[in-house]
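Note sheet for the following structure.
Computed from a predicted structure; not experimentally measured. Whatever order the structure lists ligands and atoms in, that order sets their numbers, starting from 1.
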Amino acid sequence: MCIFCKIVNGALPSNLVKENDEFMAFHDLNPKAPAHILVIPKQHVDSFNEVNPQTMVGMTSFIQDVAEIVGIKESGYRVITNVGDNGGQEVKHLHWHVLGGAKLPWGHFDDAESSKFL
Ligand code: 5GP
Ligand code: ZN
């Protein structure tokens, strides 16, 4: 069983922000921003590649609520899901990083060569 499934079933503790029948939001163990919350579906899905679009419908308002609860909805925030090896996904249970609380740095590659993907 993956670590996020263990958080869902209570085998591992978490610092909970919000929960309903379908989703859970808790603070990241190693925050990368002053506010860093992880939002997950309770049902195990490996990544964004496998998620049912219907799940995303509920996920949208859930993430909006989380941003409001932690007080970053107006100041702004970033929502990220890492997918697979190149995406840097370490936990193979779909999760959204909700980052905020400060002006977030941006920039992956200053000199990205994108012609191969045009
Ligand atoms: P990924 O790299 O897969 O996109 O993100 C995984 C995230 O999960 C990381 O930001 C990491 O700090 C966080 N994380 C890993 N294990 C735990 C845990 O047991 N509890 C919590 N709250 N966060 C965790
Ligand atoms: Zn899982």
Check which protein N, O or S atoms are less than 2.8 Å from the Zn ion (ligand 2) and report how many there are.
-> 4

Over all atoms of both residues, closest heavy-atom pair of Ala35 and Ile72 = CB-CG2, 4.1 Å

Ring centers of His95, His93 separated by less than 6.0 Å | no

Is there a donor-acceptor contact under 3.5 Å from the side chain of His97 to the main chain of Arg78?
-> no

As a test of reading the model: which N/O atoms of the protein lie under 3.5 Å from N/O atoms of ligand 1, and at what distance?
| unit_1 | atom_1 | unit_2 | atom_2 | d |
| --- | --- | --- | --- | --- |
| ligand 1 | 2 (O) | Gly88 | O | 3.1 |
| ligand 1 | 2 (O) | Glu90 | N | 3.3 |
| ligand 1 | 3 (O) | Glu90 | N | 2.7 |
| ligand 1 | 3 (O) | Val91 | N | 2.9 |
| ligand 1 | 3 (O) | His95 | NE2 | 3.0 |
| ligand 1 | 4 (O) | Asn82 | ND2 | 2.8 |
| ligand 1 | 4 (O) | His95 | NE2 | 2.8 |
| ligand 1 | 4 (O) | His97 | NE2 | 2.8 |
| ligand 1 | 5 (O) | His95 | NE2 | 3.0 |
| ligand 1 | 5 (O) | His97 | NE2 | 3.3 |
| ligand 1 | 10 (O) | Asp28 | OD1 | 3.3 |
| ligand 1 | 10 (O) | Asp28 | OD2 | 2.5 |
| ligand 1 | 12 (O) | Asp28 | OD1 | 2.5 |
| ligand 1 | 22 (N) | His27 | O | 2.9 |
| ligand 1 | 22 (N) | Leu29 | N | 3.4 |
| ligand 1 | 23 (N) | Leu29 | N | 3.3 |

With a 4.5 Å cut-off on side-chain heavy-atom distances among I, L, V, M, F, W and Y, is there a chain of contacts connecting [X] to [Y]?
| X | Y | answer |
| --- | --- | --- |
| Val17 | Ile40 | no |
| Met59 | Val83 | yes |
| Val91 | Leu38 | yes |
| Leu94 | Ile80 | no |

In sequence, state the C-alpha distance, the side-chain angles, and the governing distance for Met24 and Val8, and then conclude on side-chain contact (heavy atoms from CB on, under 4.5 Å).
-> CA-CA 8 Å; Met24 212 169 160; Val8 170; 4.1 Å; yes

Side-chain heavy-atom pair Phe23, Thr55 within 4.5 angstrom cut-off | yes

